[in-house]
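Every number for a ligand or one of its atoms is a count from 1 in the order of the listing. Position 1 is the first residue of the sequence; numbering continues from there.
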Amino acid sequence: MTTATNEYPTKAYGATAPDSGVGPMEIVRRGLRHDDVLIDITHCGICHSDLHTARNDWGRTTYPIVPGHEIVGTVAAIGESVTRHEVGDRVAIGCLVDSCMECKHCDADLEQYCVEGGATGTYNSKDRRDGSPTHGGYSERIVCREEFVLKVPDNLPMAEAAPLLCAGITSYSPLKTWKIGPGSKVAVAGLGGLGHMGVKLAAAMGAEVTVLSRSESKREDAEKLGAHDFLNTSDKTAMKGKTGYFDMVLNTIPVRHDVTPYLHLLRIDGVQVLVGMIDMMPEVHTGILLGRKVLTGSGIGGLAETQEMLEFCAEHGIVPDIEVIPMHDINHAYERMEASDVKYRFVIDMESLREG
Ligand code: NAP
Ligand code: ZN
């Protein structure tokens, strides 16, 4: 497995162009630096951001690209100065593999908002030390600086733990930031990977949770996931009935859309947190904001908060609802994700890549 330069030739799946789909390719993982950890990946979740990036929806993809930032696996080797992890440990990597670790945001455990050139993404980024492209978890193994490798609590199954690394933390972080707890009224817009975690987490924090969805077929699921109510967003009367009701709308909708109907649902000082749409927003009449509504966004979470979220899920027995697929089914999984036909997160069993 190891070459003369101690690099690791690695089987992966990636895209070579916006319309190429995702197919087999080989990449090379760097030889271990003193502070690196080598991880044999067991599972990787499929985030809608993977699909956006593979297809260059955001216009900033550098090809070839190996997506995947919901990574779990076991430590296979460590660099000589690594102290946090040992061979055999169950570990995880989310959306970040590095940051400056010195700026005011990194100092405040908000590495995702690193002001020194931004944090280094798990894929579609450049390694801070040698400028090589970073590649994600649709691969047999990954090499990562030890601080960015998290621990998977013992009682979380590996496959189920994977989606927590993005869908989990992206929902958890805003709920914590805006102090959601017993008595809070939270609406979650879009019941997909992020949304279903938002429902489970907010319910576990003691909030009253309502799902806002286009899909009537998800009404029953919403209740099973822990929601107290379900509003079909095309039902104008039902939406109007909840005017001024919620403390927070966690908006996970992945496409450009009018956020005004969700602003109407907020109480004074209520907050709509956009975590889905990464696009220009259709115009919002500021008159509605004069009702002291807050419109904001939130990006994933820092390392400490991600570890905290993993412990919270372990403690409360919260795991995502997943469908495990072999690596070669990835393009079909993308099609189903686009059609909102996933309940509620695909996870790739990486053994299928090793065997394939
Ligand atoms: P997902 O599993 O595909 O779920 C998105 C849900 O949004 C769908 O299930 C659907 O729910 C609803 N939806 C889809 N298309 C819609 C449309 N055209 N109009 C209205 N609603 C629509 O996606 P995900 O993995 O949860 O990701 C959601 C978004 O968050 C993506 O854009 C992703 O890139 C982004 N993201 C952001 C961060 C961050 O740090 N901020 C992190 C991860 C992901 P219903 O059927 O219930 O309507
Ligand atoms: Zn993601």
Side-chain angles (χ1 to χ4, degrees), residues 44-58 60-61 67-71 92-96 110-113 118-119 121-124 136-138 162-175 177 187-200 210-222 225 227 230-235 249-259 261-262 273-279 282 296-302 305-306 309 320-323 333-347:
C44 184
I46 301 178
C47 178
H48 208 114
S49 303
D50 299 352
L51 188 161
H52 288 307
T53 306
R55 298 200 181 151
N56 199 22
D57 287 350
W58 296 325
R60 51 175 198 235
T61 303
H69 57 205
E70 294 184 337
I71 301 169
I93 297 175
C95 304
L96 309 174
L110 296 166
E111 298 85 359
Q112 76 273 34
Y113 304 125
T122 304
Y123 57 77
N124 202 34
Y138 299 1
L164 300 178
L165 276 301
C166 179
I169 184 60
T170 305
S171 313
Y172 183 86
S173 184
L175 294 171
T177 300
V188 176
L191 194 59
L194 268 56
H196 96 293
M197 286 311 304
V199 171
K200 289 187 184 213
T210 300
V211 168
L212 310 175
S213 170
R214 310 160 301 167
S215 308
E216 190 56 40
S217 61
K218 294 180 183 173
R219 185 179 284 272
E220 258 180 52
D221 285 356
L225 293 167
F230 177 98
L231 290 189
N232 189 322
T233 47
S234 58
D235 181 344
V249 174
L250 180 66
N251 184 336
T252 76
I253 296 168
V255 295
R256 183 180 155 89
H257 64 282
D258 183 7
V259 302
Y262 307 109
V273 187
L274 303 176
V275 291
M277 171 174 40
I278 302 178
D279 201 340
T296 185
S298 181
I300 47 170
E305 193 173 46
T306 306
M309 175 274 312
D321 290 17
I322 61 167
E323 184 174 336
Y334 276 9
E335 278 167 28
R336 285 186 51 199
M337 180 178 251
E338 249 190 332
S340 299
D341 174 28
V342 44
K343 292 192 167 173
Y344 277 87
R345 200 58 145 185
F346 288 117
V347 173

Legend entry - Donor-acceptor contact below 3.5 Å, side chain Tyr262 vs main chain Ala187: no

Legend entry - Which atom of Cys166 lies closest to which atom of Ile300, heavy atoms considered: SG-CG2, 4.2 Å

Inset, instruction - Report yes or no: does Gln112 contribute a side-chain atom to a donor-acceptor pair with the main-chain N or O of Gly302 at less than 3.5 Å? - result: yes

Inset, instruction - Considering only non-hydrogen protein atoms, determine which one is nearest to atom 37 (C) of ligand 1 and report residue, atom name and distance to 0.1 Å. - result: Val275 O, 2.8 Å

Legend entry - Flag for Asp279-His257: side-chain donor and acceptor within less than 3.5 Å: no

Inset, instruction - Identify, for atom 28 (C) of ligand 1, the protein heavy atom at the shortest distance, and state residue, atom and that distance. - result: Thr252 O, 3.2 Å

Inset, instruction - For atom 46 (O) of ligand 1, grab the closest protein heavy atom and report residue, atom and distance to one decimal in Å. - result: Ser215 OG, 2.5 Å

Legend entry - Polar contact flag for Lys218 and ligand 1 (N/O pairs, less than 3.5 Å): yes

Inset, instruction - Please determine if Cys47 has a nitrogen or oxygen closer than 3.5 Å to a nitrogen or oxygen of ligand 1. - result: no

Inset, instruction - Using a strict 4.0 Å threshold on nitrogen-to-oxygen distance, state whether Arg345 and Asp321 make a salt bridge. - result: no

Inset, instruction - Select one of side chain, backbone, both or neither to describe which atoms of Glu338 lie under 4.0 Å from any atom of ligand 1, heavy atoms only. - result: neither

Legend entry - Within reach of ligand 1, part of Trp58 (heavy-atom separation under 4.0 Å): side chain

Inset, instruction - Note the single closest protein heavy atom to atom 2 (O) of ligand 1, along with its residue, its atom name and the distance in Å. - result: Gly193 N, 2.8 Å

Legend entry - Structural part of His52 in contact with ligand 1, heavy atom criterion under 4.0 angstrom: side chain

Legend entry - Donor-acceptor contact below 3.5 Å, side chain Ser213 vs main chain Gly190: no

Inset, instruction - Decide whether Arg60 and Thr53 meet the rule of one side-chain donor and one side-chain acceptor closer than 3.5 Å. - result: no

Inset, instruction - Considering the heavy atoms of Ser49, write down every atom of ligand 1 situated less than 4.0 Å from one of them. - result: 33 (C), 34 (O), 35 (C), 36 (N), 43 (C), 44 (C)

Inset, instruction - For Thr122 and Cys95, indicate whether the former's side chain and the latter's backbone hold a donor-acceptor pair under 3.5 Å. - result: yes

Legend entry - Sub-4.0 Å heavy-atom approach of Gln112 to ligand 1: no

Legend entry - Heavy-atom nearest neighbour in the protein, as seen from atom 8 (C) of ligand 1, with distance rounded to 0.1 Å: Ser340 OG, 3.5 Å

Legend entry - atom 18 (N) of ligand 1 - nearest protein heavy atom and its distance: Val255 CG2, 3.2 Å

Inset, instruction - Please indicate whether any nitrogen or oxygen in Gly276 is less than 3.5 Å from any nitrogen or oxygen in ligand 1. - result: yes

Legend entry - N, O or S from Cys166 under 2.8 Å to the Zn ion (ligand 2): yes

Inset, instruction - Check whether any N or O atom of Leu194, backbone or side chain, sits under 3.5 Å from an N or O atom of ligand 1, and answer yes or no. - result: yes

Legend entry - ligand 1-proximal atoms of Ala167, by part, heavy-atom distance under 4.0 Å: neither

Legend entry - Any side-chain donor near an acceptor of the partner, Tyr334 and Asp50, under 3.5 Å: no

Inset, instruction - Answer with side chain, backbone, both or neither: which part of His257 has a heavy atom less than 4.0 angstrom from an atom of ligand 1? - result: neither

Inset, instruction - Kindly say whether Ser217 contributes a backbone atom to a donor-acceptor pair with the side chain of Ser215 at under 3.5 angstrom? - result: no

Legend entry - Shortest protein contact, atom 27 (O) of ligand 1 (heavy atom only): His48 CB, 3.4 Å

Inset, instruction - Please determine if Arg214 has a nitrogen or oxygen closer than 3.5 Å to a nitrogen or oxygen of ligand 1. - result: yes

Inset, instruction - Please determine if Ile253 has a nitrogen or oxygen closer than 3.5 Å to a nitrogen or oxygen of ligand 1. - result: no

Inset, instruction - Report the part of Thr170 in contact with ligand 1, treating N, CA, C, O as backbone and CB onward as side chain, heavy atoms under 4.0 Å; options are side chain, backbone, both, neither. - result: side chain

Legend entry - Any N/O pair Met277/ligand 1 closer than 3.5 Å: no

Inset, instruction - Please find out if the Zn ion (ligand 2) and some N, O or S atom of His48 are separated by less than 2.8 Å. - result: no

Inset, instruction - Ignoring hydrogens and angles, tell me if any N or O in the side chain of Lys218 forms a donor-acceptor pair with the backbone of Leu191 under 3.5 Å. - result: yes

Inset, instruction - Look at atom 4 (O) of ligand 1 and say which protein heavy atom is nearest, naming residue and atom and giving the distance to 0.1 Å. - result: Gly192 CA, 3.3 Å

Legend entry - Sub-3.5 Å N/O-N/O distance, Ile300 and ligand 1: yes

